[in-house]
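Contents: one structure, followed by commentary.
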Amino acid sequence: MNRYLIHDTPLGELVLKSCGDFLLSISFKDTSLLKYSNSCLKNKNLVLEKTAEQLDEYFFHNRTLFSIEYILNISPFFTRVLEEISLIKYGKFKSYKQIAKSLKNKKAYRAVANANANNPLPILIPCHRVIKSSGELGGYKGGVKRKKYLLNLEKKTGNFH
């Protein structure tokens, strides 16, 4: 059975979803929670609590890496893209084209952007660290305002406007 935890962060409330000992998704709580039953929201588990703790450490104490067990229920290509994105270090960024090139398919930058947009674990898999080749931010599942916040939090790369 899936379990959910609503966790308050500087980006607003996040809905953390797990199954057993694995995290499945992190969603921005921009929609109604009517689809979740009260029992699922009240039954926390260890992976949800550990995720909330590590998110707090990221936002308030400079955590740069996460150590959460998760499952990605996405296509093999999307998985490869997100694995590559996971390699982007805290405070750094890469372009969609650079990611495509590292996957040995330099023309697949739009597919990389699509995989990035469908990342079920934003923040944990740092899709906010992927920008356009022009230096523009590009989109973000949680909105560009949140992307700017995350990049500024990891300010080692400078101030993003």
Side-chain angles (χ1 to χ4, degrees), residues 2 4 7 9-31 47-48 50-161:
N2 293 338
Y4 299 86
H7 186 64
T9 73
L11 298 178
E13 291 180 322
L14 298 176
V15 180
L16 312 178
K17 176 182 175 183
S18 70
C19 184
D21 295 331
F22 298 96
L23 187 66
L24 297 179
S25 68
I26 297 173
S27 305
F28 295 98
K29 187 186 161 230
D30 293 333
T31 57
V47 73
L48 293 177
K50 184 177 176 183
T51 302
E53 180 181 317
Q54 289 190 19
L55 284 168
D56 285 346
E57 291 169 355
Y58 169 79
F59 284 114
F60 303 112
H61 304 290
N62 298 320
R63 173 179 276 279
T64 60
L65 294 171
F66 293 93
S67 60
I68 303 295
E69 296 288 327
Y70 59 83
I71 295 173
L72 294 175
N73 291 316
I74 54 177
S75 75
F77 177 76
F78 279 22
T79 299
R80 285 194 351 253
V81 170
L82 295 183
E83 287 170 351
E84 190 66 29
I85 289 169
S86 293
L87 299 175
I88 303 171
K89 301 230 184 282
Y90 182 93
K92 303 291 183 186
F93 59 90
K94 285 190 175 183
S95 71
Y96 300 103
K97 283 186 180 180
Q98 287 173 312
I99 299 291
K101 193 174 182 180
S102 66
L103 295 171
K104 311 264 188 271
N105 194 347
K106 65 182 178 180
K107 293 186 180 190
Y109 59 91
R110 285 193 178 132
V112 166
N114 192 25
N116 200 47
N118 288 288
N119 176 6
L121 297 169
I123 305 168
L124 200 80
I125 297 176
C127 54
H128 60 278
R129 296 179 190 155
V130 183
I131 63 171
K132 292 182 174 184
S133 297
S134 65
E136 294 175 60
L137 293 183
Y140 186 64
K141 190 178 209 172
V144 175
K145 189 174 180 180
R146 287 178 174 137
K147 185 172 188 171
K148 285 181 192 177
Y149 180 90
L150 292 168
L151 290 170
N152 283 325
L153 179 68
E154 300 179 9
K155 215 171 189 151
K156 295 176 185 177
T157 59
N159 192 6
F160 288 84
H161 307 287

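What's counted below: heavy atoms across the whole structure, side chains too, no hydrogens, waters or symmetry copies.
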Give the C-alpha distance, both sets of side-chain angles, the deciding distance and a yes or no for side-chain contact (heavy atoms from CB on, under 4.5 Å) between K141 and S27. CA-CA 9 Å; K141 190 178 209 172; S27 305; over 6 Å; no

List the steps and the verdict of side-chain contact (heavy atoms from CB on, under 4.5 Å) for L48 and L23. CA-CA 7 Å; L48 293 177; L23 187 66; 4.1 Å; yes

D21 and V47: CA distance, side-chain angles, deciding distance, side-chain contact (heavy atoms from CB on, under 4.5 Å) verdict: CA-CA 6 Å; D21 295 331; V47 73; 5.6 Å; no

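For the atom pair NZ (K147) and CZ (F93), the distance works out to 10.5 Å, reported to the nearest 0.5 Å. For the atom pair L82 CG and F78 CZ, the distance stands at 8.5 Å (nearest 0.5 Å).
Residues meeting the side chain to side chain donor-acceptor pair (under 3.5 Å) test with D56, sequence neighbours left out: H7. Y70 meets the ring-ring contact (aromatic ring centres under 6.0 Å, His included) test with no other residue; sequence neighbours excluded. For Y58, the ring-ring contact (aromatic ring centres under 6.0 Å, His included) partners at least two apart in sequence or on another chain are F66. Every side-chain contact (heavy atoms from CB on, under 4.5 Å) that N62 has, sequence neighbours left out, goes to Y90. Scanning for side chain to side chain donor-acceptor pair (under 3.5 Å) contacts around T51 gives an empty result, with sequence neighbours left out.
L14 is listed as a side-chain neighbour of F28, based on a closest heavy-atom distance under 4.5 Å. Looking at F60 and L153, their side chains never come closer than 4.5 Å, going by heavy atoms from C-beta outward.
Residues in residues 61-87 take part in these salt bridge (Lys or Arg N to Asp or Glu O under 4.0 Å) pairs, two or more places apart or across chains: E57-R63. Screening residues 111-120 for salt bridge (Lys or Arg N to Asp or Glu O under 4.0 Å), with sequence neighbours left out, gives no hits. Pairs engaging residues 93-106 under the salt bridge (Lys or Arg N to Asp or Glu O under 4.0 Å) rule: none recorded [sequence neighbours left out].
For N2 against C19, the heavy-atom pair with the smallest separation is OD1-CB, 3.5 Å.
Without hydrogens or angle criteria, T9 side chain to L11 main chain gives a donor-acceptor distance under 3.5 Å.
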Table please: side-chain donor-acceptor pairs of residues 129-140 below 3.5 Å, with sequence neighbours left out.
from, atom 1, to, atom 2, distance (Å)
R129, NE, E154, OE1, 2.8
R129, NE, E154, OE2, 3.4
R129, NH1, I88, O, 2.7
R129, NH2, E154, OE1, 3.4
R129, NH2, E154, OE2, 2.9
S134, OG, E136, N, 3.3
S134, OG, E136, OE2, 3.2

May I have the list of side-chain donor-acceptor pairs in residues 110-124 shorter than 3.5 Å, sequence neighbours left out?
from, atom 1, to, atom 2, distance (Å)
N114, OD1, N118, ND2, 3.0
N116, ND2, C127, O, 3.3
N118, ND2, N114, O, 2.8
N119, OD1, L121, N, 2.8
N119, ND2, I125, O, 2.8

